[in-house]
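Notes for the one structure printed next.
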Amino acid sequence: MKIAINITKLNATPSGIEKSLLYLMAAVAQNFPETKLVVFTDKKNKNLALPFSAKKIVYKNTKIGRLLLRMRLWDCNYIHDHWNGGQLRNMGRHKSVVMIHDILPLSIPGYFKTDDE
């Protein structure tokens with residue numbers, strides 16, 4: 001099996017979302033060693049070192065860049081987006097997995113800051 005994972009969120013300051021993404025990828029690499037991981041991001045990050053082997057693709061977040069990325073990910077079985085801000089639209093025949101990291105803002109409305117504040 002081949003899984004593509006959007007790691008764009010790892011370009012931000014580490015928080016719960018980034019840590020859970022790293023733990024998820026490390027768990028897949030450790031528990032399913034036959035699974036090939038392909039990670040992709042729209043920004044170069046020289047400081048990012050993954051604790052497992054994965055093919056890394058950096059793409060430009062443009063219409064052509066997203067098209068080229070789709071072509072590179074053609075033979076993947078699944079595409080995983082770890083947060084709702086990084087989803088790629090129209091990924092074609094791929095099954096897509098989105099992880100909802102934290103629903104506390106839905107459970108306690110008004111307690112957490114939003115991007116609008």
Side-chain angles (χ1 to χ4, degrees):
M1 180 181 316
K2 196 171 184 182
I3 301 173
I5 301 176
N6 186 346
I7 63 166
T8 299
K9 191 65 180 159
L10 294 180
N11 292 321
T13 304
S15 68
I17 294 172
E18 291 80 13
K19 290 176 186 175
S20 66
L21 176 56
L22 285 171
Y23 292 142
L24 173 72
M25 291 187 296
V28 169
Q30 181 180 9
N31 295 308
F32 304 98
E34 70 283 356
T35 299
K36 294 180 182 175
L37 294 178
V38 177
V39 297
F40 61 95
T41 179
D42 63 350
K43 298 176 185 142
K44 289 184 181 180
N45 186 338
K46 294 179 183 177
N47 298 324
L48 180 62
L50 299 174
F52 49 85
S53 65
K55 180 180 178 185
K56 185 175 179 185
I57 299 171
V58 178
Y59 74 98
K60 292 185 179 179
N61 198 4
T62 63
K63 190 173 184 177
I64 292 175
R66 289 187 295 273
L67 175 65
L68 291 173
L69 176 64
R70 275 197 305 245
M71 291 169 57
R72 287 183 173 175
L73 300 180
W74 183 254
D75 61 340
C76 292
N77 302 98
Y78 295 93
I79 296 177
H80 176 77
D81 284 301
H82 203 69
W83 67 300
N84 62 352
Q87 295 177 24
L88 293 175
R89 303 283 184 242
N90 302 320
M91 287 307 289
R93 64 182 189 86
H94 298 93
K95 294 178 182 175
S96 183
V97 179
V98 177
M99 180 175 181
I100 300 173
H101 172 72
D102 192 351
I103 62 165
L104 279 177
L106 299 175
S107 301
I108 313 171
Y111 184 77
F112 296 93
K113 289 185 178 182
T114 65
D115 291 337
D116 299 331
E117 295 178 23

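None of these values were measured; they are calculated from a predicted model.
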Distance from [X] atom [atom1] to [Y] atom [atom2], nearest 0.5 Å?
X: Leu24; Y: Ile3; atom1: CG; atom2: CD1; result: 8.5 Å
X: Asn6; Y: Ile57; atom1: CG; atom2: CD1; result: 11.0 Å
X: Lys55; Y: Leu37; atom1: NZ; atom2: CG; result: 13.0 Å

Quick one: which residue pairs count as a salt bridge (Lys or Arg N to Asp or Glu O under 4.0 Å) with a foot in residues 18-37, not counting sequence neighbours?
Lys9-Glu18
When clusters are formed by joining ILVMFWY residues with side-chain heavy atoms under 4.5 Å apart, either directly or through shared neighbours, do [X] and [Y] land in the same one?
X: Leu68; Y: Leu73; result: no
X: Phe52; Y: Leu10; result: yes
X: Met1; Y: Ile5; result: yes

Among all residues two or more places apart in sequence or in another chain, which pass the salt bridge (charged side-chain N to carboxylate O under 4.0 Å, His left out) test with Lys2?
Asp75
Of all the heavy-atom pairs spanning Phe40 and Ala4, show the shortest one and how long it is.
CE2-CB, 3.9 Å
Sequence neighbours excluded, which residues qualify as side-chain contact (heavy atoms from CB on, under 4.5 Å) partners of Lys56?
Ile7, Val39, Thr41, Leu48, Val58
Looking at residues at least two apart in the chain, or sitting in another chain, which of them share a side-chain contact (heavy atoms from CB on, under 4.5 Å) with Thr62?
Lys60, Ile64
